[in-house]
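First the proteins, then the strands, lettered A, B, ... as listed; each starts at 1.
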There are 2 protein chains.
Amino acid sequence: MPDTRQKLTIYDIAQLSGSSPSTVSAVLNGTWKKRRVGEATARKIQKIAAEHGYTTNLQARGLRRAQSGLVGLILPVHDNRFFASMSQSFEAQARERGWCPVIVSTLRNPAEEIRTVETLISYAVDYLFIAGVTDPAALSEICRAAQVPHIYVDLPGKDAPSVVSNNYLGAELLTRKLLELMPQVDDPARAKPYLIGGLETDFASAHRISAFRSTVLELRGSFDEDQIITCGYAPGSAAREVSALCDRIGGLPAGLFVNSIRAFEGIVSEFVHLPSESFEKSVFGCYDYDPFAAFLEFPVHMVRQNSNQLIAAAFELADSGVTDPVLIQVDPELIPPRTVYNGPFSQLG
Amino acid sequence: MPDTRQKLTIYDIAQLSGSSPSTVSAVLNGTWKKRRVGEATARKIQKIAAEHGYTTNLQARGLRRAQSGLVGLILPVHDNRFFASMSQSFEAQARERGWCPVIVSTLRNPAEEIRTVETLISYAVDYLFIAGVTDPAALSEICRAAQVPHIYVDLPGKDAPSVVSNNYLGAELLTRKLLELMPQVDDPARAKPYLIGGLETDFASAHRISAFRSTVLELRGSFDEDQIITCGYAPGSAAREVSALCDRIGGLPAGLFVNSIRAFEGIVSEFVHLPSESFEKSVFGCYDYDPFAAFLEFPVHMVRQNSNQLIAAAFELADSGVTDPVLIQVDPELIPPRTVYNGPFSQLG
DNA sequence: ATGAAAGCGCTAACAA
DNA sequence: TTGTTAGCGCTTTCAT
């Protein structure tokens with residue numbers, strides 16, 4: 001391995017091989033077949049390049065070609081099971097297609113989202129995947145102005161194709177399961193199922209709440225708005241709210257639909273103070289899957305969103321060049337208690 | 001917002017403002033003060049650029065300056081609490097410094113690691129953070145040849161600065177805790193603590209195992225190698241191994257040190273078949289923190305690695321320009337059962 | 001205080 | 001089959 005202090009360019013390789021920069025360029029970027037560079041010349045150049053550890057300057061190529069080979073994914077946070085597994089899938093599939101994935105989180109901060117999209121565009125990303133942002137319209141506008149094709153994942157955009165989880169279906173399945181398993185309780189306030197967590201302003205939560213409401217109404221014939229407690233996603237507020245609920249109705253409700261793993265985390269931290277028997281007259285559901293939540297003291301039915309399928313569908317749309325605002329839905333899965341889900345990357349850790 | 005079909009360049013802005021490209025360049029990249037561009041000229045150019053939605057082409061800038069403004073982080077997987085929170089911290093701190101973070105995972109695959117480092121170098125990353133790879137030496141060599149400063153996080157490199165978790169300390173704390181709480185059991189095979197999960201070839205695991213061995217020896221006066229079961233990180237194999245262990249020693253051991261959250265996941269999936277009383281004569285520890293694992297039926301003591309501090313220390317080294325192979329250790333924390341840990345990003349979800 | 005011009009490394013006409 | 005050349009958009013001497 002020669003210690004090339006200076007980075008080599010195609011000009012260096014041209015010199016060393018006695019051919020011209022354009023021939024070297026063609027050989028090294030794979031277009032030499034159709035440029036009809038001689039087999040021998042090609043071999044020689046490849047050999048020299050390899051020996052000297054030549055690597056293409058992708059900035060220069062990108063500048064010239066007016067594209068970068070980068071594909072971006074914007075998500076709210078890395079530190080979340082659903083989004084992290086989305087990252088994993090995104091990366092694998094981007095690589096498969098010869099793209100270099102760039103994953104950035106914007107913390108659900110509108111200004112940060114805009115700044116980030118602008119930065120990625122400045123780096124000439126070839127395609128942008130957008131998941132879980134607050135203002136899709138603003139981002140679409142920026143992308144449109146810069147002519148960057150983009151797609152929304154897990155939330156619908158009206159100016160670009162979208163792939164979303166079928167939140168209505170997932171919530172309906174979970175609600176039906178709860179209603180099916182809920183024990184008979186005398187106190188009417190405790191006999192009803194409650195939904196806790198999330199925000200109705202959030203697209204996904206809105207659909208889940210709507211499914212919860214309709215399904216309860218359909219199967220029970222009545223529904224009160226006090227059965228819905230939208231307190232956001234933070235564990236702390238869910239903990240406070242569930243505790244307030246129990247105070248209000250004098251114990252745990254017969255059914256509890258927790259609308260996010262983070263909220264569930266907070267709720268469990270409250271539950272830990274209760275004796276085991278408290279859970280006997282209740283059934284729990286959580287919209288999100290977590291392997292450990294599957295093994296709590298009380299059984300928890302969970303919905304697992306198929307992030308891998310979301311990303312796969314998005315890549316298919318990207319590949320096919322669709323730019324119209326089509327909307328594809330991906331069905332989530334109801335996961336029973338005590339189940340270890342095996343995902344595409346589960347052998348790793 | 002004018003619908004500029006074509007992306008504007010500094011030449012366009014120069015025309016529009018009646019000044020030269022070099023002046024526009026200086027104004028728009030912030031060096032105009034020291035280039036002594038007139039206040040009025042500067043204002044005018046900035047105004048025009050803003051009105052037309054000009055954005056710098058970072059590829060062109062990068063090519064010219066021979067740097068990109070990108071800073072890379074290489075990790076094994078995204079889909080893991082520890083690494084995901086590392087991503088979150090990395091991103092926040094990179095942004096703070098005006099860098100654009102690029103986070104990629106290489107699935108502990110040596111070839112992929114090398115390919116990835118080469119790709120990032122081709123994009124002219126200014127700095128590289130490397131966490132959890134299999135062959136640091138090879139990567140250092142590539143970085144050195146390309147003159148890319150880099151730092152290792154969570155594993156030590158011998159040719160570059162490193163920031164690592166104090167795995168020995170963490171494991172020692174956890175082992176001491178287990179030994180302190182382990183109940184008296186008659187059967188000698190069940191009276192000993194066991195460690196399960198991980199690989200001794202892995203730097204972090206090696207240190208943890210070493211601490212486990214020494215601490216047990218110190219406090220108990222004896223140690224058998226059969227107390228260590230290194231079966232990797234996959235849940236499935238940990239599940240099989242723990243079940244084999246229980247068969248062999250005729251029940252749960254008095255103390256079980258699980259060497260990774262993924263292994264613990266598999267173990268818990270076995271435990272779920274056992275009656276509650278089974279856990280009464282055992283104490284559990286897990287090297288990794290998970291909010292739900294904190295609330296299992298039986299108490300679990302956990303070690304939480306401080307990924308935020310690891311990244312912070314690494315950035316400090318990067319800022320200070322250190323390139324010698326110094327090694328900094330960051331202490332992990334022992335977290336008691338039933339504890340919700342609040343991290344720097346815990347209000348998000 | 002500002003402009004002209006060269007060039008970063010690569011690609012893609014266009015020539016030969 | 002291969003070489004010459006003109007840029008991609010920006011920065012940065014060097015002039016003025």
**Study point:** End axis versus end axis in the helix from C:dA1-D:dT16 to C:dA16-D:dT1, the angle rounded to 10°, five pairs used at each terminus
**Key:** 40°

Check your understanding: Just by distance, with hydrogens left out, do A:Thr116 and A:Thr106 show a side-chain donor and acceptor under 3.5 Å apart?
Key -> no

Check your understanding: Can B:Ser17 and B:Lys47 be counted as having a side-chain donor-acceptor contact under 3.5 angstrom?
Key -> no

Rounded to the nearest angstrom, tell me the gap between atom [atom1] in [X] and atom [atom2] in [N].
X	N	atom1	atom2	answer
A:Arg43	D:dT2	CZ	P	13 Å
B:Tyr123	C:dC8	OH	C1'	18 Å
A:Ile121	D:dG9	CD1	C1'	17 Å

Practice item. Assign the ring pair A:Tyr152 / A:His150 to parallel, tilted or perpendicular, where the plane angle (0 to 90°) is split at 30° and 60°. Key: perpendicular

Review point. Hey, can you pull the residues of residues 13-27 of chain B with a non-hydrogen atom under 4.0 angstrom from DNA chain C?
Key: B:Gly18, B:Ser19, B:Ser20, B:Ser22, B:Thr23

Review point. In Å and rounded to the nearest 0.5 Å, what is the CD1 to CG distance from A:Ile48 to A:Leu16?
Key: 6.0 Å

Please check this pair: side chain of [X] against backbone of [Y], looking for a donor-acceptor N/O pair closer than 3.5 Å.
X	Y	result
A:Tyr123	B:Ser68	yes
B:Asp126	B:Val71	no
B:Asp12	B:Thr9	yes

Review point. Would you say the base of D:dC8 and the side-chain of B:Tyr11 have a donor-acceptor pair closer than 3.5 Å?
Key: no

Exercise for review: Would you indicate what B:Arg36 reaches in the nucleic acid, counting non-hydrogen atoms under 4.0 angstrom: base, sugar-phosphate, or nothing?
Suggested key: base

Practice item. Assign B:Thr31 to base, sugar-phosphate, or nothing according to its heavy-atom contacts below 4.0 angstrom with the strands shown. Key: nothing

From [options], pick the nucleotide closest to the side chain of [X]?
X	options	answer
A:Arg35	D:dG9, C:dC14, C:dG9	C:dC14
B:Arg61	D:dC10, C:dG9, C:dT11	D:dC10
B:Ala60	D:dC10, C:dT2, C:dG9	D:dC10

Point to revise | Qualifying salt bridge (charged side-chain N to carboxylate O under 4.0 Å, His left out) pairs with a residue from residues 115-124 of chain A, counting only residues at least two apart or across chains | key: A:Glu112-A:Arg115

Review point. Under a 4.5 Å cut-off applied to non-hydrogen side-chain atoms, are A:Trp32 and A:Gln46 in contact?
Key: yes

